[in-house]
Structures are given as C-alpha cells and as structure tokens.
2 protein chains.
Amino acid sequence: MKTPRKPETRRTEGLRTHGRSARVVEKVLNATAAELGRSGYAALRIDDVAARSGVNKTTIYRRWPTKIDLVSATLRAQTYPPEVADTGTLRGDLLEHFAHLVTMLGTTTGRGVVRTLQAERTDPEVERMKRELRAEQRARRCQLLTRGIARGELAAGVDVDLLAELLAAPLVARLMHSVEDLDRVFLERAIDVILAGAATTVARAPQRGAVAVAGVGSRAPKVSSKKRRTRAP
Amino acid sequence: MKTPRKPETRRTEGLRTHGRSARVVEKVLNATAAELGRSGYAALRIDDVAARSGVNKTTIYRRWPTKIDLVSATLRAQTYPPEVADTGTLRGDLLEHFAHLVTMLGTTTGRGVVRTLQAERTDPEVERMKRELRAEQRARRCQLLTRGIARGELAAGVDVDLLAELLAAPLVARLMHSVEDLDRVFLERAIDVILAGAATTVARAPQRGAVAVAGVGSRAPKVSSKKRRTRAP
DNA sequence: TGTTGTGGCAACTCGCTGTTGCCATAATAA
DNA sequence: TTATTATGGCAACAGCGAGTTGCCACAACA
C-alpha cells in the first residue's frame with residue numbers, strides 16, 4: 001500500500017468529458033457500487049471493479065488515484081430519494097420516509113452505500129460525506145416533524161432534533177446487524193412508541209405505572225452538532 | 001493476503017500455560033486491544049502489535065494464525081461489566097446500565113472493542129461473537145425491564161424484547177458516529193421518551209394530538225429472532 | 001541435567017494497491 | 001479529411017503488509 005503522491009495530471013489543456021470518457025466513468029462507478037454491495041469496502045478490489053466494468057485498471061487509477069477516491073466518487077454519484085409526499089399524518093409521513101429508505105437500502109447500490117458507511121473510519125473525505133448524508137436525512141425527518149407540529153399532531157414545545165434522532169435510531173441500530181431484518185412492522189412499532197412517548201412527555205402526563213418522566217421539551221441542551229488529483233469526475 | 005492453512009500445531013504433548021507463555025499471551029492481547037483502539041481493525045498491523053507488546057511477530061502468528069484470530073481472541077478476553085445493582089426504579093436501573101456501558105466504551109480497550117464491532121463483516125467467528133455480545137447485553141436489559149414489570153412500573157403486557165431494543169438503539173446509533181457524543185443527558189432523555197411511550201401505548205390512551213398509536217402490547221408479531229488452530233490461548 | 005515446549009530472528013512468499021512507459025485510438029479543431 | 005491531443009489499454013514493476021519457515025536459544029518441567 002504505497003502512499004500515492006499528488007502527481008501532475010496528464011492534462012495539458014482541454015479535457016474530454018463526453019463520449020467514451022463519460023461512458024467509462026459511468027461504467028466504473030456502477031461497477032464500484034455493485035462490488036461494494038457484494039464485497040464491502042475492505043474487501044473491494046480494484047481489479048474486480050476493472051473486470052466488472054470492462055475498463056482497464058490503469059484507467060481507473062488515472063481518474064481516481066486511490067481506492068478511497070473511487071469509493072468516495074461512487075458515493076457522491078448516488079442519487080438519493082426525493083422528497084417524501086405529504087400523506088396527511090405525521091405517522092404516515094414517517095412510515096413512508098423510512099419505507100422509502102429501506103427500499104433504497106435493499107438495492108445493490110444501496111447495500112454498497114450502507115457497507116461503506118459501516119466501514120471503519122477511512123479518510124476525512126469519506127467521513128465528511130457520511131456526515132453530510134446523515135445531516136440530510138435528519139433534516140428531512142425534522143421537516144416531517146415540524147409539519148406534524150403545524151398540524152397539531154405534536155406539541156409545539158417538542159424537541160424536534162431529539163425526536164428525529166430517536167426515530168432514526170432503531171433503523172440505524174438494526175442496520176449495523178443485518179439489513180435483512182429491517183421490516184416495516186418493526187419500524188412501525190418503533191415509531192409508534194416514540195411518538196407516543198413524545199406526546200406523553202411533553203404533555204407531562206405520566207400514565208399509571210410510576211415511570212418517572214423527564215421532559216422532552218426544548219429546555220434541555222440541544223443534541224445536534226454539526227485531496228487529491230482527479231482528471232475529470 | 002495469503003490464505004493460511006490449518007497447520008499441524010507444533011505441540012506434541014504437554015503444553016505450557018504458565019510463566020513466560022502466560023505473560024506473552026497477556027502482553028499480546030493487551031497490545032492488540034490498545035492498537036485496535038488506536039487504529040481500528042482495518043488498519044491494525046501485526047508488526048505494531050509485536051512492537052508494542054515486545055513479543056516477536058512470529059510468536060504471535062504461532063499462537064493466532066491470522067489477524068482475525070488475534071482480534072477474536074482479544075475480544076473474547078475482555079471482561080464485561082458485572083450485573084447491575086438494583087437501584088429501586090426501572091429508570092435508575094437503565095440509567096446505571098447505560099452509564100456503565102458508556103464508561104466501559106470510553107476506555108482504550110473499550111474503544112478497541114467498539115471499533116472492531118463497527119468493522120465490516122469480517123469472518124463468521126467474529127460475527128458470532130458480535131451476536132453473542134449483543135444477546136448478552138440485550139438479555140441484561142430485558143432482565144431490568146422484567147424487574148420493572150414486577151415492580152408495577154411497567155404494564156405486564158409490554159413487549160420486553162421490543163422495548164429493550166428501542167432503549168439500546170439511540171446508544172448504538174450514536175456509537176456509529178462518534179463515541180464522544182455519548183453523554184448521559186442524551187441517554188437519559190432517550191430513556192424517558194421511550195419509557196413514556198411504552199407506558200402510554202400499552203395503556204391505549206393516545207394523548208391530545210391525533211397521533212395514531214398501534215399497540216406495543218404482546219398482540220403484534222414478535223420482533224425478536226433468536227434463533228483454527230490455536231496453541232493455547 | 002536432560003528433554004521439550006516455546007520464543008526470537010531473519011529471510012522468505014504472496015496478494016493487492018498503486019506506477020510507469022509505450023502504444024492505440026477516439027474526440028476535437030483545422 | 002487530416003492533424004492534433006486527450007484518453008484508454010497493456011504489461012511489467014515497486015512496495016507494503018499478512019502470513020511462513022528453518023534454525024537457534026532458552027525456560028519450564030521431569
């Protein structure tokens with residue numbers, strides 16, 4: 001694993017981004033996603049990507065000098081699910097949101113993305129992309145929750161950030177173990193418990209059992225926080 | 001990455017498990033845990049373990065033929081927190097349980113364990129250990145919940161398996177991102193929301209907002225599944 | 001004090017990442 | 001169409017880290 005230098009690009013003037021080149025990029029990126037889904041990040045072999053894409057290994061290295069670069073570009077090239085439609089209820093929106101996500105994650109490229117995200121701390125660039133993806137998904141959930149507040153389904157004082165995180169947690173946690181176990185029934189039940197908890201705690205009306213209940217309101221501290229040469233990606 | 005065979009062990013008859021050998025095993029396992037915490041699984045180098053432990057690389061390979069074997073043995077050698085004391089309330093028990101866990105995970109070896117568990121699908125043996133660890137922790141949580149039911153803090157119909165999973169999920173999910181962010185306040189608030197949700201949903205008394213609530217009781221389908229050689233570790 | 005299990009040392013093999021030089025050809029400009 | 005040049009294919013190579021091997025030294029036991 002020789003450390004690659006930042007070599008002067010071959011490029012001297014105009015570069016070609018159409019025709020053959022574009023086709024090569026597409027084929028390689030697709031092949032990488034597929035191989036990631038099959039083998040995961042650690043076991044990904046550039047030779048396999050080359051074979052699957054029908055593009056020579058050298059060509060791949062010329063465009064993406066390291067494995068990380070290639071994977072990073074592949075993640076970047078993924079298109080993520082569009083905005084979720086308004087189903088009329090918060091519960092419906094959330095269900096749809098997560099169902100959409102689960103479907104995505106079930107595809108070959110989806111599995112590739114998951115396995116890459118699972119992969120150990122790799123390099124700052126990939127870490128940054130992970131954070132971006134998480135932030136994006138989280139923002140989407142916050143949006144749904146805010147809509148729920150507007151509808152009166154949730155009290156205004158609810159900590160949206162916390163709720164968004166709690167709602168996603170069961171999915172994330174299961175993802176770590178086995179993507180296969182991610183069924184809708186489970187997600188539905190998880191959502192129901194958490195939404196009920198949110199409704200109750202903010203209403204400060206603990207039911208029967210002597211469960212001590214601290215607030216979920218906005219009083220407590222918030223939870224949220226917040227290269228190299230390539231020819232022509 | 002040559003695939004190692006399962007060679008005939010050097011051993012012919014009696015083996016030595018005391019004195020020098022025992023010291024070697026201890027030093028190597030400690031060094032491995034430390035290196036795992038520092039570099040993670042993927043970047044772990046046997047040479048580094050050898051250097052840190054002061055034991056020769058060859059010796060390490062003789063005992064643990066592959067990197068996986070070494071890491072696997074290291075995980076196995078970890079001692080996990082003892083049973084949680086009874087604090088008198090379910091909330092207190094859970095809080096203590098998770099606080100204990102967080103403390104553990106903060107140590108060098110703890111970080112090593114986490115990073116190994118995070119690591120991509122490695123080999124069946126490590127996967128098995130992951131499952132075992134998870135099952136063990138989950139059982140502990142179920143135990144606490146059952147105690148809570150006995151105390152009358154939770155309705156008898158509650159789905160203990162589901163609850164245990166939901167309670168652990170926020171911690172697991174955060175663990176994936178950054179161990180540092182795992183503060184007690186967060187865990188406390190998460191626990192409170194989920195416990196409140198459990199109390200409410202089982203009581204079938206949806207609050208104000210039109211949050212539709214499916215049961216958490218025992219009516220819905222259950223979630224749970226259950227279902228080399230080494231010289232002398 | 002002999003026997004043997006075990007560790008140290010050094011020099012291997014092997015697979016995979018990443019390189020390099022040369023030649024072939026597709027994309028562009030004239 | 002033709003000249004020009006960016007880009008891809010090919011093959012051989014360098015480097016690193018995992019895993020081996022043979023030989024010798026020594027510590028644990030009898």
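All chains are named by letter (A, B, ...) in the order of the sequence lines, taking the proteins before the strands, and each is independently numbered beginning at 1.
In this structure, Ile60(A) places its CD1 atom 17 Å from P of dT7(D), rounding to the nearest Å. Whole-Å rounding puts the Asp47(B) CG to dG8(C) C1' distance at 14 Å. Remark: C1' of dC16(C) and CD of Glu35(A) are 14 Å apart, rounded to the nearest angstrom. A straight line from OH of Tyr61(B) to P of dT6(C) spans 20 Å, rounded to a whole angstrom. Atom pair Arg23(B):CZ and dC26(D):C1' shows a separation of 13 Å (rounding to whole Å applied). Rounded to whole Å, atom P of dT7(D) lies 16 Å from atom NZ of Lys27(A). If you take CH2 of Trp64(B) and C1' of dT6(C), they are 12 Å apart, rounded to a whole angstrom. Atom-to-atom, CD1 of Ile68(A) to C1' of dT17(C) comes out at 12 Å; the value is rounded to the nearest Å.
Residue contacts shown for Leu44(A) are limited to sugar-phosphate atoms, with no base heavy atom under 4.0 Å away.
Taking the charged nitrogens against the carboxylate oxygens, Glu136(A) and Arg140(A) do have a contact shorter than 4.0 Å, which makes a salt bridge.
Distance from the side chain of Lys57(A) is smallest for dT17(C) among the nucleotides dT17(C), dG19(D), dG8(C). Comparing dG19(D), dG9(D), dG8(D) by their closest approach to the side chain of Asn56(A) singles out dG9(D). Each of dG19(D), dA10(C), dG7(C) was ranked by its minimum atom distance to the side chain of Arg63(B); first place goes to dG7(C). Proximity note for Ser21(A) (side chain, C-beta onward) versus dG9(D), dT7(D), dA28(D): the nearest is dT7(D). Among dA27(C), dA28(D), dT17(C), the nucleotide with an atom closest to any side-chain atom of Arg45(A) is dT17(C).
For Thr66(B) against dA18(D), a side-chain-to-base donor-acceptor contact under 3.5 Å is absent. Not a single donor-acceptor contact under 3.5 angstrom links the side-chain atoms of Lys67(B) to the base of dG19(D). Between the base of dG7(C) and the side chain of Arg62(B) there is a donor-acceptor pair shorter than 3.5 Å.
Using a 3.5 Å distance cut-off with no hydrogens or angles, the side chains of Ser72(A) and Arg76(A) do pair a donor with an acceptor.
Between Thr59(B) and the phosphate of dG8(C), there is a side-chain N or O to OP1/OP2 separation shorter than 4.0 Å.
Looking only at distances, no side-chain donor or acceptor of Lys57(A) sits under 3.5 Å from a matching main-chain atom of Asp47(A). In this structure, Glu165(B) contributes its side chain and Ala173(A) its backbone to no donor-acceptor pair below 3.5 Å.
Two residues are said to be in side-chain contact when any heavy atoms from C-beta on lie closer than 4.5 Å; Trp64(B) and Ile46(B) fail this criterion.
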